[in-house]
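Notes follow once the structure below has been shown.
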Amino acid sequence: MISRHTTDAAPGRSPRQAVPFLLPALLVLAALVLYPLVFSVFRSFFDSSGTEFVGLSNYVETFTDPRTLTAFRNNVIWVVVAPAAVTGLGLVLAVLTERIRWATAFRLVLFMPMAISLFASGIIFRLVYEEDPNQGVVNAALVGVHDVFVPPSAYPGARPREGAPFTATPDGFVGNASVQPGSTVLVPLVGFSPGGIPKEARSVSEPTAGTGEIRGVVWLDVSVGGKAGQLDPLERGLPGITVEAVRDGKVVSRTTAGDDGRFTFPGLASGDYQLRLPPSNFALPFRGLTWLGPSLVTPVIISSWIWIMTGFAITFIAAGLSAIPRDALEAARVDGATEWQVFRRVTIPLLSPVLLVVFVTLVINVLKIFELVFVIAPGSVQEEANVLALQMWQVSFGTGGDQGVGSALAVILFLLVAPAMLFNIRRFRREQS
């Protein structure tokens, strides 16, 4: 009689045979992941020195610290905005690049930022968003576009010399004393580099006013040999300066200084007038926006992360697009569906598993964001751009030096990331089964 021995183990799947191959990886995993995790949980219940048990005090401090609450708020902004933006942008670009001849090259270019470390990318974007338009690319572009539509003033920063009869107001520099037709007015200006005076500017001389007109001269009063507030032949006029004659609060005449700085208001009725230099003469040039200031630093860092991670989303979504049955798309087009309807009602539903995996993976990545915030945000605004990972590092190893609270932050961060990780793991197992 022949006995049959059955076994539940499939050929080639003996657990005993797998242990020698898995053991090195399990040891490394335990040393690099499991031990730090257990130690961080244990350490979070002790004080900064690690000698006194404090229970949940570190967690209470975490949820009452204003800096940590700011980090929580910024992490919420990151999770809500960044993964959705990258997934949506990656979907649109993946669908569009299917229709161009050089689709692979285009996707390769978009994927290239992934080859750069986040630290190096942070340095690049720190320079891109620099406030000085001579260094920051974004502000240089903004200034160029702005100056096309709103030309800069001719004499930025210039102002009447101290002691001159003019007062600064929101409407410009206004003369203190009233003038009548037949008068002459001297307007000495300072605060402007002589090298910036136009080449056509000529030497100044005192004008003489006729009946029914007001004449004057505006010049850069910087001659070393002359006397302050008085005309000097070595000094030059400021051509192009706009001067207004104001009566009863209204501008009744406007004129422009010539090459020698002289200006004339002809045909004025008798009465009292005030001369005014409008602020458009002296407005400082547009220097762009303070991108790395408290109000814009978080959107700026998110935009840089979107630029980096869009290539990742395109790669995964493009792979999912290649697996979509073309028959379904063609059938929808034959039935009269527009391209938008095909995209919305066929492509997106078929891609939903891929989109969900990409979105969840990006959420995990966002919750752990550290390098970009650390590098891009200047020290003066780093508190406004703070996130949990950066706060954990600052509390543990920075100025805080409290590894008890830092460990509590690490545990909280792990608890926030764990659900997304478990979701992805379950989905992968479901797809493989």
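Quick caveat, the model's predicted, so the values are computed rather than measured. Any value given below was found using the heavy atoms of this structure, including those in side chains, with hydrogens, waters and symmetry copies removed.
Of the inter-residue distances, the one linking Ser153 atom OG with Phe286 atom CZ reads 14.0 Å to the nearest 0.5 angstrom. Going from atom CG of Leu69 over to atom OG1 of Thr64 covers 7.5 Å, rounded to the nearest 0.5 Å. Between atom CG of residue Leu367 and atom CE of residue Met421 there is a gap of 11.0 Å, rounded to the nearest 0.5 Å. Here CG of Leu91 is found 12.0 Å from OG1 of Thr310. Values are rounded to the nearest 0.5 Å. For the atom pair Thr298 OG1 and Ile376 CD1, the distance stands at 10.5 Å (nearest 0.5 Å). A distance of 10.5 Å separates CG in Leu390 from CD1 in Ile369, rounded to the nearest 0.5 Å.
The aromatic rings of Tyr59 and Phe45 are tilted relative to each other, their planes meeting at an angle between 30° and 60°.
A salt bridge does not link Glu131 to Arg126: none of the charged side-chain nitrogens sits closer than 4.0 Å to a carboxylate oxygen. The pair Arg287-Asp132 meets the salt-bridge criterion, with a side-chain N (NZ, NE, NH1 or NH2) lying under 4.0 Å from an Asp/Glu carboxylate O. Comment: Asp65 engages Arg67 in a salt bridge, judged by a side-chain N to carboxylate O separation of less than 4.0 angstrom.
In this structure, Gln341 and Gly336 approach most closely via the heavy-atom pair OE1-O, 4.3 Å. Summarising the geometry of Leu415 relative to Pro419, their closest heavy-atom pair is O-CD, 2.9 Å, with the distance given to 0.1 Å. The two residues Ala283 and Pro156 make their nearest non-hydrogen contact at O-CB, 3.5 Å. When all heavy atoms of Gln391 and Asn386 are compared, the pair lying nearest together is OE1-ND2, 2.6 Å. The nearest pair of heavy atoms linking Ala313 to Gly90 is CB-CA, 4.1 Å. Contact detail for Ala408 and Thr62: the closest heavy-atom pair is CB-OG1, 4.1 Å.
Looking at Val204 and Arg262, their side chains never come closer than 4.5 Å, going by heavy atoms from C-beta outward. Contact check for Val411 versus Leu413: no side-chain heavy atoms found under the 4.5 Å cut-off. When side chains are defined from C-beta on, Ile306 counts as touching Leu89, because their heavy atoms get closer than 4.5 Å. Put simply, the side chain of Phe72 does not reach to within 4.5 Å of the side chain of Val387, judged on heavy atoms. Thr70 places none of its side-chain heavy atoms less than 4.5 Å from the side chain of Glu383. A heavy-atom distance below 4.5 Å is found between the side chains of Leu189 and Leu277. For the pair Thr264 and Thr255, the minimum side-chain heavy-atom distance is 4.5 Å or more. The side-chain heavy atoms of Phe111 and Ile314, taken from C-beta on, include no pair separated by under 4.5 Å.
Here the side chain of Ser193 pairs a donor or acceptor atom with the backbone of Gly195 at under 3.5 angstrom. Proximity of a side-chain donor or acceptor of Thr87 to a complementary backbone N or O of Ala84 within less than 3.5 Å is not detected. Side-chain atoms of Arg161 come within 3.5 Å of backbone atoms of Asp221 as a donor-acceptor pair (strictly under, hydrogens ignored). A donor-acceptor contact shorter than 3.5 Å links the side chain of Asp232 to the backbone of Leu234. One N or O on the side chain of Asn281 and one on the backbone of Pro278 form a donor-acceptor pair closer than 3.5 Å.
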Kindly determine whether Phe119 and Phe374 satisfy ring-ring contact (aromatic ring centres under 6.0 Å, His included), including the steps that lead there.
CA-CA 9 Å; Phe119 189 86; Phe374 181 72; 7.3 Å; no
Verdict with reasoning, Arg202 to Arg236, per side chain to side chain contact (heavy atoms under 4.5 Å, CB included)
CA-CA 5 Å; Arg202 303 205 313 258; Arg236 293 187 294 167; over 6 Å; no
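Surrounding CG of Asp248 are at most 12 heavy atoms belonging to other residues, nucleotides or ligands under 6.0 Å away. Within 6.0 Å of atom CZ in Arg345, 12 or fewer heavy atoms from other residues, nucleotides or ligands are found, so the atom counts as exposed in its surroundings. Within a 6.0 Å radius of CZ in Phe21, no more than 12 heavy atoms belonging to other residues, nucleotides or ligands are found.
Of the N and O atoms on the side chains of Glu244 and Gln274, not one donor lies less than 3.5 Å from an acceptor on the other residue. When only modelled atom types and interatomic distance are considered, Ser44 and Asn58 share no side-chain donor-acceptor pair under 3.5 Å. Side-chain atoms of Gln403 and Ser396 include no donor-acceptor pair closer than 3.5 Å. For the residue pair Tyr129/Ser304, the side-chain donor-acceptor check at 3.5 Å is not satisfied. Between the side chains of Asn365 and Trp305, at least one donor-acceptor pair of N or O atoms lies under 3.5 Å.
Every residue meeting the side chain to side chain donor-acceptor pair (under 3.5 Å) condition with Thr97, not counting sequence neighbours, appears here in chain and number order: Arg107. Among residues two or more places apart in sequence or in another chain, the side chain to side chain donor-acceptor pair (under 3.5 Å) test is passed with Trp78 by none.
A ring-centre distance under 6.0 Å is found for Phe316 and Phe312. Aromatic rings of Tyr155 and Phe192 (six-membered ring for Trp) have centroids within the 6.0 Å cut-off, being under it.
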Donor-acceptor list for residues 35-43 side chains, cut-off 3.5 Å, not counting sequence neighbours:
unit_1: Ser40; atom_1: OG; unit_2: Pro36; atom_2: O; d: 2.8
unit_1: Arg43; atom_1: NH1; unit_2: Asp47; atom_2: O; d: 2.7
unit_1: Arg43; atom_1: NH2; unit_2: Asp47; atom_2: O; d: 3.3
unit_1: Arg43; atom_1: NH2; unit_2: Ser48; atom_2: O; d: 2.8

